Protein chains: 2
Amino acid sequence: MFHVSLIPIRSGSASGSGQERRDAARNRELLLCAARQLIEECGADGLTMDKLAERAGVGKGTVFRRFGSRAGLMMTLLSDAEAEFQGRFMFGPPPLGPGAPPLERLIAFGAGRIGYVLEYGDLARAADHSVYNKFEVPAAVLWHRHIEHLLRAAGFDADPWLMAMSLSATLDPERLLHAVRVHGVSPERLEESWRQLVTRVVGSAEGGIPE
Amino acid sequence: MFHVSLIPIRSGSASGSGQERRDAARNRELLLCAARQLIEECGADGLTMDKLAERAGVGKGTVFRRFGSRAGLMMTLLSDAEAEFQGRFMFGPPPLGPGAPPLERLIAFGAGRIGYVLEYGDLARAADHSVYNKFEVPAAVLWHRHIEHLLRAAGFDADPWLMAMSLSATLDPERLLHAVRVHGVSPERLEESWRQLVTRVVGSAEGGIPE
DNA sequence: ATACTAAACGGACTGCGGTCCGGTTTATAT
DNA sequence: ATATAAACCGGACCGCAGTCCGTTTAGTAT
C-alpha cells in the first residue's frame, strides 16, 4: 500500500511551505482531541464551534483559522478514513482497485462508499454540509472523476461527466442516511439497488476492458 | 384542467377549520408581497427573515408563525408554480400526463422538473434547504411516488422505491444549478443525460403499457 | 542576549434562523 | 353592549457560524 500523494483532504498535518509553529501544532492536536471527545459525548450534530474552542482552551478565532469552517473540521476528522478509502479504490486490490472490469469496480465503489457513509454517519453528513460548493471539495471531485473514468472504461460514451454526477447524487450521505434511518432500508438493499443502477446504466455495452 | 385536491404545498390560503382572522389574512398578504419585493431587490439568497418582518411592518414572530421556517416561506412563494406542475404531470396532456408510455412520461417528467428548477433557481434551492427532512416535504414525497409508480408501470421490478430515490437525487435543485452555473452545462444536455439515465434504468424491459 | 517580523492568538462582535411569552385583537356567545 | 376565550401579535432573546482586529508569541537575524 502506497502513501504517494493522495488528494489533500485538508491541511491535516504540517504541509505546504515552511514549518508549522510549535504552538500552532499543539493547538491543532488539542482541538482534534477535544473534537473527538465532544463528538463522543454529544454526537457530531451536537458539536458546536464555541464548545470546541472552550473545551480545547483556545479562542474561537483559532478554531476557524485552523479548519476554515465547521465542515472543514469534520473533513479533517474524517481525513484518515478518507485517505484509506482513496487508497483502496485507487491502488488497492480488485474488485475495488485496478484489475477488475470497470463495471465490477463501479459496483464495488458504490458498496465501499455506502459502507463508509453508514460507518461515519453524521460525521460524513456534517462534512458535506458546507453551505456552498460542497461539490468542489477535493475528495468529492476525486470520486466524481473516478466514476467518470470507470464509465468511460466501461464503454459508456454519452456524457460520462453528467452521468457521474447522477451516480454521485445517489451516494450522497444525506440521502443514504435518510433511507437507512427514517425508512429502515438495509445496507444490503442499498448496495443491491446501486448494483442494479450502474449495471443498467453501463448497459449491455461490451463490458469494457479490465485495467 | 382540474383543481381537485392536489397535495397541499403549504398553508397558502385559508384552509383547515373555521375562518382565518382578518388581521392574520392581512399580514399574510403583506408578508408575501414584501417577500416578493425583497427577492426582486436582493435575490432569494439575500432575503432574511428580519428584513422581511421589517419590510412588511410586522413582528418577527408573525413571520415564523405564518411560514414555520425560511424554507416554508420559499415553498409558499413557489406554491402556485408547484401546483401547476403537479397538475400537469398528474392530469395534463401526454407525454407528461397520463396517456403516454411510462418511459416517455419519465423522460418528460425529468425535463419538466429541470425546466422548473432552472426557472426558479435560488428560490427552488432555498425551498429545499430545510435543515432536516427535506425529503418528507409533501411535494417531494409526491414526486418520489410518481417516479416510483412510473418505474413500476414500465416493468421495473427491482426495488422501485430506492431507484426512485436515486432518480430524484439527479433532479436535486442544488446539483442541477451547480452543473449549470459553475460548469456551464446547458439545459438540453441535462435533459439528454436524464433521458439516457431513465432509458437505461428502465432497460429493455418490455416497455410497459401506456396509461 | 536583543531586536525584529511574521504568524498565531483570543474573544468581542455581527448577522442569521428560530423560540418564547406577556400583551393585544378578533370573533362569538349572552 | 359586554364578557370571554382563543387566536394572534411583536420584539426581546437564544444559540450558532463565521469575522475582525488589537495583542502576544515563536522563530530568526544580529
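If you're wondering where the values come from, they're calculated on a predicted model, not measured in any experiment. Every chain is numbered from 1, with letters handed out A, B, ... down the list of sequences. All values below were derived from every heavy atom in this structure, side-chain atoms included, with hydrogens, water molecules and symmetry-related copies excluded.
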Exercise. Got a salt bridge between A:R195 and A:E192, using NZ or NE/NH1/NH2 to carboxylate O under 4.0 Å?
Worked result: yes
Seminar exercise, completed: Heavy-atom contacts, protein to nucleotides 16-28 of chain D, under 4.0 Å, summarised as B (base), S (sugar-phosphate only) or - (none) per nt, yield SBBB-----BSS-
Listed partners of [X] passing ring-ring contact (aromatic ring centres under 6.0 Å, His included), at least two apart:
X: A:F89; result: A:F85, A:F109, A:H146
X: A:F64; result: none
X: A:W143; result: none
X: B:H144; result: B:W161

Mind listing the side-chain donor-acceptor pairs of residues 165-174 of chain B below 3.5 Å, one per line with the distance, residues two or more places apart or on another chain?
{"unit_1": "B:S166", "atom_1": "OG", "unit_2": "A:T170", "atom_2": "OG1", "d": "3.2"}
{"unit_1": "B:S168", "atom_1": "OG", "unit_2": "B:A164", "atom_2": "O", "d": "2.9"}
{"unit_1": "B:T170", "atom_1": "OG1", "unit_2": "A:S166", "atom_2": "OG", "d": "3.2"}

For this session: Return no unless some side-chain N or O of A:T62 is found under 4.0 Å from OP1 or OP2 of C:dG10.
Result: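 For C:dG10, OP1 or OP2 has a side-chain N or O of A:T62 closer than 4.0 Å.
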For this session: For C:dC9, take OP1 and OP2 only and decide whether either is under 4.0 Å from a side-chain N or O of A:N27.
Result: yes
Separation of [X] atom [atom1] from [N] atom [atom2], in whole Å?
X: B:L73; N: C:dC16; atom1: CG; atom2: P; answer: 15 Å
X: B:E29; N: D:dC8; atom1: CD; atom2: C1'; answer: 17 Å
X: B:L52; N: D:dC9; atom1: CG; atom2: P; answer: 14 Å
X: B:D45; N: C:dG17; atom1: CG; atom2: P; answer: 11 Å
X: A:L31; N: C:dA8; atom1: CG; atom2: C1'; answer: 13 Å
X: A:R66; N: C:dG10; atom1: CZ; atom2: C1'; answer: 13 Å

